[in-house]
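Written below as structure tokens is the structure these notes are about.
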Amino acid sequence: MAKDKTGSDKQVIKPGAASVPEGTPVSSRSQIAEFLSAAKAIVPGNAGSGRLAFALDATMSRQPTWDSACKLQAEMFDAVGKTGGLKVQLVYFRGLGECRASRWVNDTRQLADLMTRIDCRGGQTQIGRILRHVADEATKNPVSALVFIGDAMEESIDKLAVVAGELALRKVPCFMFHEGHDPAAAIGFREIARVTGGAYVRFDQNAASELAALLRAVAAYATGGRPALEKSGGSAARLLLEQMGPPKDKPQGGAKR
């Protein structure tokens with residue numbers, strides 16, 4: 001993946017991947033400059049015990065709730081940041097083919113600040129590029145989990161399932177957080193979660209505390225795997241464990257080893 005001059009953020013899109021005519025503006029220059037400036041200031045943290053990719057849909061359909069969503073998502077970052085030994089990467093897509101990723105960092109407060117600098121741009125969803133990016137990242141160093149927050153899915157679920165299968169092979173469960181009630185998104189998000197061994201949760205803007213608890217549970221999984229999630233206890237952990245199913249190395253149906 002090509003890096004910009006700062007070396008601090010990178011285009012997730014590969015050459016030729018976007019069907020956008022050459023020279024078409026994909027976002028305002030000031031917004032890109034703000035993102036790159038903020039990303040440049042992020043100092044990579046020390047190696048931790050887990051890596052969590054945190055991906056956002058920043059297309060125009062989320063504009064009506066974006067401000068409140070940013071506050072909610074900042075609280076989610078704060079919940080994740082309180083879990084030690086975890087590195088997080090922020091990834092987002094918006095506009096006509098724009099898809100960007102920050103560095104992997106320990107200080108999630110900087111990522112929360114970076115997120116507030118992003119505004120929504122009209123365009124179609126690029127969930128496939130998010131999945132492809134995380135799969136590529138996992139070939140370099142293990143990625144413990146992917147969290148995705150979005151309200152729509154405008155891509156072929158069959159094509160997304162293929163990349164989701166790659167994530168499953170690399171043991172990267174996808175935790176799909178669905179804002180709103182779009183039926184196509186619900187079906188697609190559930191399938192991605194199922195294929196990767198993750199979980200699907202629908203939420204609205206009144207679910208801040210519940211969502212923060214779910215993120216803490218995901219962070220526990222990312223740092224210590226299933227045993228850590230089981231130890232964390234609480235309704236959020238139980239909900240995720242329920243959807244993730246029994247451990248792969250344990251027999252189902254109550255049979256003993």
Side-chain angles (χ1 to χ4, degrees), residues 1 3 7-12 35 38-57 73-74 76-93 99-115 127-150 163-177 192-193 195-199 201 211-212 214-232 236-237 240-241 244 248:
M1 292 180 193
K3 292 187 177 181
S8 56
D9 113 314
K10 51 197 172 187
Q11 273 280 18
V12 173
F35 180 89
K40 184 178 180 181
I42 294 176
V43 179
N46 297 323
S49 59
R51 299 205 306 165
L52 175 65
F54 195 102
L56 302 172
D57 175 343
Q73 288 155 186
M76 294 166 73
F77 267 136
D78 183 58
V80 172
K82 290 176 181 175
T83 301
L86 181 63
K87 297 179 78 171
V88 181
Q89 182 184 66
L90 173 63
V91 192
Y92 77 89
F93 63 77
C99 192
R100 296 182 178 272
S102 74
R103 293 175 174 179
W104 289 96
V105 300
N106 289 106
D107 188 352
T108 55
R109 291 174 299 177
Q110 294 182 54
L111 290 183
D113 178 64
L114 177 57
M115 185 176 62
I127 299 169
R129 288 178 180 150
I130 295 287
L131 300 182
R132 177 78 270 153
H133 167 71
V134 177
D136 290 344
E137 287 289 302
T139 64
K140 305 169 190 173
N141 290 294
V143 175
S144 306
L146 163 65
V147 167
F148 175 78
I149 300 176
V163 189
E166 290 186 41
L167 289 169
L169 290 174
R170 301 192 187 285
K171 303 186 186 305
V172 184
C174 296
F175 296 90
M176 309 296 289
F177 290 81
I192 292 169
V195 170
T196 62
V201 179
L211 220 49
L214 286 164
L215 256 290
R216 281 193 292 271
V218 173
Y221 175 86
T223 53
R226 191 184 182 98
L229 180 57
E230 292 173 343
K231 282 184 181 179
S232 67
L240 297 185
L241 287 166
M244 293 171 76
K248 301 296 183 183

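Numbers here are sequence positions counted from 1.
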Less than 4.5 Å apart, any side-chain heavy atom of Ile149 and any of Phe54? yes
How about Glu137 and Val172: do any of their side-chain heavy atoms sit closer than 4.5 Å? no
So, Gln89 side chain and Ala53 main chain: donor-acceptor pair closer than 3.5 Å or not? no
Exam field: side chain Thr223 to backbone Leu86, donor-acceptor pair closer than 3.5 Å: no
Side chain to side chain contact (heavy atoms under 4.5 Å, CB included) between Leu240 and Leu214, worked out: CA-CA 8 Å; Leu240 297 185; Leu214 286 164; 4.0 Å; yes
I'd like to know whether Arg51 forms a side chain to side chain contact (heavy atoms under 4.5 Å, CB included) with Trp104, so could you lay out the CA-CA distance, the side-chain angles of the two residues, the decisive distance to 0.1 Å, and finally the verdict. CA-CA 8 Å; Arg51 299 205 306 165; Trp104 289 96; 3.1 Å; yes
Arg100 CZ to Leu56 CG distance, which is reported to the nearest 0.5 Å: 15.0 Å
Write down the atom of Ser144, the atom of Pro173, and the distance for their closest heavy-atom approach. O-CD, 3.2 Å
Between Glu166 and Arg170 (salt bridge meaning N to carboxylate O under 4.0 Å), is one present in this structure? no
Is there a side chain to side chain contact (heavy atoms under 4.5 Å, CB included) between Leu131 and Cys174 once you walk through the steps? CA-CA 9 Å; Leu131 300 182; Cys174 296; 4.3 Å; yes
Looking only at heavy atoms, the pair that brings Ile127 and Phe148 closest together is CG1-CZ, 3.8 Å
Quick one: CZ on Arg103 to NZ on Lys87, what's the gap to the nearest 0.5 Å? 10.5 Å
Using every non-hydrogen atom in the two residues, find where Ser232 and Ala220 come nearest and quote the distance to one decimal. CB-CB, 4.4 Å
What distance do Phe175 atom CZ and Leu146 atom CG have between them, rounded to the nearest 0.5 Å? 9.5 Å
Any chance you could lay out the side chain to side chain contact (heavy atoms under 4.5 Å, CB included) test for Tyr221 and Leu52, step after step, and finish with the verdict? CA-CA 10 Å; Tyr221 175 86; Leu52 175 65; over 6 Å; no
Could you tell me whether Asp136 and Arg132 make a salt bridge, using a distance below 4.0 angstrom between a side-chain N and a carboxylate O? yes
